[in-house]
Amino acid sequence: MKILSATQTQEADKFTIAHEPITSVDLMERAAGECTRWILEKQGDAARYIIISGNGNNGGDGLAIARQLKAKHREVDVYIVRVAQNDAADFSENLHRLEKDKIAFSIITGAQEIIFPGEHYVIIDALFGTGLSREPEELAANVIKKMNSTSADKISIDIPSGLFGDDNTGNSYKHVVRAKQTLSFQYPKLAFMFAENSPYVGNLAVLDIHLHPDYLLNAPTSYHYITHDFAKHLYLPRTLFA
């Protein structure tokens, strides 16, 4: 399995949108759907889901997951953190869909506004995606600190917020979500291969969101991840005294 850079990840999305064809917001809906299925299968007994979303594309994933969980009659609390100056287009569309479905959300200005219930709950981290290249500051840093202050299970969407997707240069690890589970889209990120990132990534599941196979086949990379399915084809059965 190939490991692509953050730039190639964006190119794979664009290629799929152009050649499937599919709109970017529908591709986001598909990716969120795979996350929702995983969450309901593995964490479906949670009393409540606390979804913490930024206002970029990763945040759009979080809002779509919130709506899908609500459609399955799960209790969700949605907190939006405007970590970027402008809202991403697909985030805005998913915010509109939340409003249309009358799903409550809070746009917070301080980490203290996030309320964790006393009952069994799961935090879904959709604050930052793979495009992050500098450490979170101020509000975002405090929100990550707030998430890490609880022992509740944390599920990061695509990558734990605060990790850099391609390398660790300049990352002090002061503000990185300590996920129990990371749900990565289509292929693992290079960041997941660094031993020092293990406490943040937790368990890793790679979800197939059906990006166009032609891009994945032809994309150049120096990094590959050996999967069970690949390795079993290399195994040669031996006779007893071979």
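Interatomic distance, Asp45 CG to Arg74 CZ, rounded to the nearest 0.5 Å: 9.0 Å. In this structure, the separation between OH on Tyr173 and CZ on Phe164 is 9.0 Å, given to the nearest 0.5 Å. With rounding to the nearest 0.5 angstrom, the OG atom of Ser92 is 9.5 Å from the CG atom of Leu63. To the nearest 0.5 angstrom, Ile107 atom CD1 is 4.0 Å from Arg82 atom CZ. In this structure, OG1 on Thr227 lies 5.0 Å from CG on Asp229, to the nearest 0.5 angstrom.
Ring-plane geometry between Tyr215 and Phe15 is classed as tilted, the angle between the planes lying from 30 to 60 degrees on a 0 to 90 degree scale.
Taking a cutoff of 4.0 Å between a charged side-chain nitrogen and a carboxylate oxygen, Arg30 and Glu20 qualify as a salt bridge. Salt bridge annotation for Lys189-Asp166: absent, with no cationic side-chain nitrogen under 4.0 angstrom from a carboxylate oxygen. In summary, Glu11 and Lys14 do not engage in a salt bridge, as defined by a charged side-chain N under 4.0 Å from a carboxylate O.
Considering only heavy atoms from C-beta on, Arg178 stays 4.5 Å or farther from Pro160 through its side chain. Inter-residue side-chain proximity for Ile50 and Ile115 is flagged as unmet; no heavy-atom pair is nearer than 4.5 Å. Looking at heavy atoms from C-beta onward, Cys35 lies in side-chain contact with Phe185 at the 4.5 angstrom threshold. Contact check for Ile65 versus Ile157: side-chain heavy atoms found under the 4.5 Å cut-off. With contacts defined as side-chain heavy-atom distances shorter than 4.5 Å, the pair Ser161/His175 does not qualify. Under the 4.5 Å side-chain criterion, counting only non-hydrogen atoms from C-beta, Leu69 is in contact with Ile124. Using a 4.5 Å cut-off on side-chain heavy atoms (C-beta onward), Met1 and Pro188 make contact. By the 4.5 Å heavy-atom criterion applied to side chains, Met28 and Asn94 are counted as neighbours.
By the ring pair (Phe, Tyr, Trp, His ring centres under 6.0 Å) test, Phe116 pairs with Tyr121, sequence neighbours left out. Listed by chain and number, the residues in a side-chain contact (heavy atoms from CB on, under 4.5 Å) with Tyr223 are Ile3, Leu190, Thr221 (sequence neighbours excluded). Residues that satisfy the ring pair (Phe, Tyr, Trp, His ring centres under 6.0 Å) test with Tyr187, not counting sequence neighbours, are absent from this structure. Not counting sequence neighbours, Phe192 has no partner by the ring pair (Phe, Tyr, Trp, His ring centres under 6.0 Å) test. By the side-chain hydrogen bond (donor to acceptor under 3.5 Å, both in side chains) test, Tyr225 is found to be paired with no residue, residues two or more places apart in sequence or in another chain being considered. Judged as a salt bridge (Lys or Arg N to Asp or Glu O under 4.0 Å), and not counting sequence neighbours, the contacts of Glu29 are Arg67, Arg97. Scored by the side-chain hydrogen bond (donor to acceptor under 3.5 Å, both in side chains) test, Tyr49 finds no partners at all (sequence neighbours excluded). Applying the side-chain hydrogen bond (donor to acceptor under 3.5 Å, both in side chains) criterion to Glu99, with sequence neighbours excluded, gives no partner residue. In terms of the salt bridge (Lys or Arg N to Asp or Glu O under 4.0 Å) criterion, Lys154 has no residue partners (sequence neighbours excluded).
Around the CD atom of Glu138, the shell of radius 6.0 Å holds no more than 12 heavy atoms that belong to other residues, nucleotides or ligands. The environment of CG in Leu234 is crowded: more than 12 heavy-atom neighbours from other residues, nucleotides or ligands sit within 6.0 Å. For Lys180, the NZ atom is loosely surrounded, since the number of other residues' heavy atoms within 6.0 Å does not exceed 12.
Closest of all the heavy-atom pairs between Ala195 and Pro199 is O-CD, 4.1 Å. Nearest heavy atom pair, residue Gln8 against residue Ala219, reads NE2-CB, 4.2 Å. Residues Asn171 and Gly162 share a closest heavy-atom pair of ND2-O, 3.0 Å.
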Distance-only donor-acceptor hits, side chain of residues 202-211, under 3.5 Å, sequence neighbours excluded:
residue : atom : partner : partner atom : Å
Asp208  : OD1  : Gln186  : NE2          : 3.1
Asp208  : OD1  : His210  : N            : 2.8

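A donor-acceptor pair is defined here as one N or O able to donate and one able to accept, closer than 3.5 Å; such a pair exists between the side chain of Thr150 and the backbone of Ala152. At distances below 3.5 Å, not a single donor-acceptor pair connects side-chain atoms of Asp26 with backbone N or O atoms of Ile22.
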Candidate pair Asp77 and Arg48, rule salt bridge (charged side-chain N to carboxylate O under 4.0 Å, His left out), full reasoning | CA-CA 8 Å; Asp77 294 336; Arg48 186 173 292 271; 2.9 Å; yes
From CA spacing to verdict: side-chain contact (heavy atoms from CB on, under 4.5 Å), Lys42, Gln181 | CA-CA 10 Å; Lys42 305 294 185 181; Gln181 180 74 46; over 6 Å; no
Between Glu93 and Lys100, does a salt bridge (charged side-chain N to carboxylate O under 4.0 Å, His left out) hold up when you go through it step by step?
-> CA-CA 10 Å; Glu93 174 59 27; Lys100 183 179 178 181; over 6 Å; no
Worked verdict on Leu139 versus Val81 for side-chain contact (heavy atoms from CB on, under 4.5 Å) | CA-CA 8 Å; Leu139 176 58; Val81 188; 3.6 Å; yes
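Note: the hydrophobic cluster containing Leu183 also contains Ile159 (ILVMFWY, side chain heavy atoms under 4.5 Å, direct or indirect links). Linking ILVMFWY residues whenever their side-chain heavy atoms come closer than 4.5 Å, directly or via other members, leaves Ile39 and Ile52 in distinct clusters. Hydrophobic clustering of Ile, Leu, Val, Met, Phe, Trp and Tyr side chains at less than 4.5 Å, counting indirect connections, keeps Ile51 apart from Ile123. Hydrophobic clustering of Ile, Leu, Val, Met, Phe, Trp and Tyr side chains at less than 4.5 Å, counting indirect connections, unites Leu216 with Ile17. Note: the hydrophobic cluster containing Phe128 also contains Ile114 (ILVMFWY, side chain heavy atoms under 4.5 Å, direct or indirect links).
For the side chain to side chain contact (heavy atoms under 4.5 Å, CB included) with Val143, the lone residue among Ile108, Val177, Asn148 that qualifies is Ile108. Of the options Lys72, Glu41, Gln68, a side chain to side chain donor-acceptor pair (under 3.5 Å) to Thr36 is made by Gln68 and by none of the others. Checking each of Leu163, Val201, Asn197 against Val176 for a side chain to side chain contact (heavy atoms under 4.5 Å, CB included) leaves exactly one that passes, namely Leu163.
Legend: side-chain hydrogen bond (donor to acceptor under 3.5 Å, both in side chains) pairs involving residues 50-64, not counting sequence neighbours, sorted by first then second residue: Asn55-Asp87. Residue pairs meeting the ring-ring contact (aromatic ring centres under 6.0 Å, His included) criterion with at least one member in residues 62-109, sequence neighbours excluded, do not occur.
No hydrogens or angles considered: a donor-acceptor pair under 3.5 Å links the side chains of Glu113 and Thr109.
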